[in-house]
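Here you go, one structure.
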Amino acid sequence: MHEQAFAAQCAGVSRHASADEHRQGRLTLLALALGSFCIGTSEFMSMGVLQLFAADLALSLPQATNVITAYAIGVLVGAPLITLLAARLNRKNLLLLLMALFLVGNLLTAIAPNPSTLMTARFVAGLPHGGYFGAGAVVAGYVVGPNQSGRAFAIVMTGLTVARSLARRSRLSSDSIWAGVTPIWRSLVWASWPC
């Protein structure tokens, strides 16, 4: 059964793409990598500025970690739900819808006036996470052909790797440079939403 499902990939059929198709494929991979960077930045940044938003919203650190948990629950709920509901959608449209939902969640995060709104916003921001990477893997494999799909998805995941590295730096910065400037976490969320 698995052999039939992956026959095209396992065969490694080479596909000769025109120069325009090759350029379009690279731009698609770049766009997908940028999307994974944005999702990763949003996910990991909240851990880096935990103390800042906890102080801004008068939360204890254990209460503030519930905001991060809300994002994780959004990922947990969203991945299978979106996979089931969007199975028949065009992948390009699905990716655009997922990024729009992600944008809404992050905009709500930036303007959250209280902890419950912040937790709801982070839950919404987490919903598209798993669906994005699943659809992104399919699209990445499609644009380069079956014999390069692993490489293409690695390029897409580079965005997540870079986001993780920058999030580490934001934690270091928030601990030292921005100590005492609690509203700065909102500025970081606003800076990440245009992704």
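None of these values were measured; they are calculated from a predicted model.
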Hydrophobic clusters here meaning ILVMFWY residues chained together by side-chain heavy-atom distances under 4.5 Å, can you tell me if V139 and M99 are in one?
yes

Among the clusters formed by ILVMFWY side chains lying less than 4.5 Å apart, do L118 and Y71 turn up in the same one?
yes

Residue pair N147 / V144: nearest heavy atoms and the distance that separates them:
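Residues N147 and V144, closest heavy atoms: OD1-O, 4.3 Å.
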
Taking side chain as C-beta onward, heavy atoms only, is L29 less than 4.5 Å from V143?
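Yes, side chains in contact.
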
Pairwise distance CG(L59) to CD(Q51) - rounded to 0.5 angstrom
12.5 Å

To the nearest 0.5 Å, tell me how far Y142 OH sits from T28 OG1.
10.5 Å

Might you point out which heavy atoms bring A163 and T41 nearest each other, and give the distance in Å?
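Closest approach of A163 to T41: CB-N, 3.3 Å.
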
Side-chain contact test, heavy atoms from C-beta onward, threshold under 4.5 Å: evaluate it for L34 versus L30 and give yes or no.
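The answer is no, as the side chains (C-beta and beyond) never meet within the 4.5 Å cut-off.
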
When you compare the side chain of F44 with that of L160, does any pair of heavy atoms fall below 4.5 Å?
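Yes. Closest side-chain heavy atoms under 4.5 Å.
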
Is any side-chain heavy atom of L98 closer than 4.5 Å to one of I39?
no

Hey, what do you get for CG (L97) to OH (Y132), rounding to the nearest 0.5 Å?
13.0 Å

Is V124 close to L101 at the side-chain level, that is, under 4.5 Å between some pair of heavy atoms?
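L101 reaches V124 side chain to side chain.
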
Hey, quick one: are F133 and V138 part of the same hydrophobic cluster, counting side-chain heavy atoms closer than 4.5 Å, chains of contacts allowed?
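Result: no, two separate clusters.
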
Give the minimum heavy-atom separation between M119 and A70, together with the two atoms involved.
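Shortest heavy-atom contact: O-CB, 3.4 Å.
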
R164 CZ to M157 CE distance, which is reported to the nearest 0.5 Å
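Nearest 0.5 Å value for the CZ-CE distance: 13.5 Å.
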
Mind listing the closest non-hydrogen atom pair of L61 and A54 along with its distance?
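Looks like CD2-CB, 4.2 Å.
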
In Å and rounded to the nearest 0.5 Å, what is the OG to CD1 distance from S36 to I155?
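Nearest 0.5 Å value for the OG-CD1 distance: 11.0 Å.
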
4.5 Å side-chain heavy-atom contact, R122 and T109:
yes

Can you tell me how far apart CG (L32) and OG1 (T158) are? Round to the nearest 0.5 Å.
11.5 Å

Distance-minimising heavy-atom pair for I82 and P128:
CD1-CA, 3.9 Å

Might you point out which heavy atoms bring A64 and L50 nearest each other, and give the distance in Å?
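Shortest heavy-atom contact: CB-CD1, 3.5 Å.
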
Looking only at atom types and distance, does a side-chain atom of Q63 sit under 3.5 Å from a main-chain N or O of S60, one as donor and one as acceptor?
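Side chain of Q63 to backbone of S60, a donor-acceptor pair under 3.5 Å: yes, one is there.
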
